[in-house]
Peer 1: 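Here it is, the structure in full.
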Amino acid sequence: MRVDSSPLFSELQSMAGEMKTGGIANDIAPANNPLGSSSVNSDFGDLLKDAINNVNGLQSNANDLRTRFDLGDRSVGIGDVMIAAQKSSVAFDATVQVRNKLVEAYKEIMSMPV
């Protein structure tokens, strides 16, 4: 069995070229600005806002399904309600864990000597 590595090598080269010209390289803060650019900061804020809105949407969906099931809507099954509730619970727990890690990192940074 013969393995031809040239397609793999060319794919790796194209990926490396993408990293140099666009991809991840644009997201890294410049060396003369250690705190990063304002666009990086706003992107993180937007990402955090979107994550919280996603958790809120999952919780709203679970509550809506639960209410419809309680009112006797036959198009909503108990399985749908339980799955939606578990999805929202897992998403909320993950958000709380991220918040705890951010607070922990903030406290650690604030306690560093200057």
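Numbering of residues begins at 1 and proceeds along the displayed sequence.
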Peer 1: Working to the nearest 0.5 Å, report the span between CZ of F69 and OG of S75.
Peer 2: 11.0 Å
Peer 1: Testing L47, N53, I52 one by one against K49 for a side-chain contact (heavy atoms from CB on, under 4.5 Å), which residue passes?
Peer 2: N53
Peer 1: With a 4.5 Å heavy-atom cut-off, do N63 and R66 have their side chains touching?
Peer 2: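 The answer is yes; the side chains approach within 4.5 Å.
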Peer 1: With rounding to the nearest 0.5 Å, note down the distance linking CG in N61 to CG in N56.
Peer 2: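 Between atom CG of N61 and atom CG of N56 there are 11.0 Å.
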Peer 1: Between A62 and S88, what is the shortest heavy-atom contact and its length?
Peer 2: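 Smallest heavy-atom distance, with atoms named: CB-OG, 3.9 Å.
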Peer 1: Check salt bridge (Lys or Arg N to Asp or Glu O under 4.0 Å) between D64 and all other residues, then give those that pass, not counting sequence neighbours.
Peer 2: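 Salt bridge (Lys or Arg N to Asp or Glu O under 4.0 Å) list for D64, sorted by chain: R68.
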Peer 1: Out of curiosity, R99 CZ to L48 CG, how far, rounded to the nearest 0.5 Å?
Peer 2: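 Taking CZ in R99 and CG in L48, the distance rounds to 12.0 Å.
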Peer 1: What's the separation between atom OG1 in T95 and atom CD in Q97, rounded to the nearest 0.5 Å?
Peer 2: 10.0 Å
Peer 1: Mind checking who shares a hydrophobic cluster with V55, ILVMFWY linked at side-chain heavy-atom distances under 4.5 Å?
Peer 2: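 Other cluster members: F92, V96.
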Peer 1: With hydrophobic residues grouped by side-chain heavy-atom distances under 4.5 Å, do I78 and L65 end up in a single group?
Peer 2: yes
Peer 1: If every non-hydrogen atom of L58 is compared with every non-hydrogen atom of A91, which pair is closest and at what distance?
Peer 2: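 Where L58 meets A91 most closely, the heavy atoms are CD1-CB, 3.7 Å.
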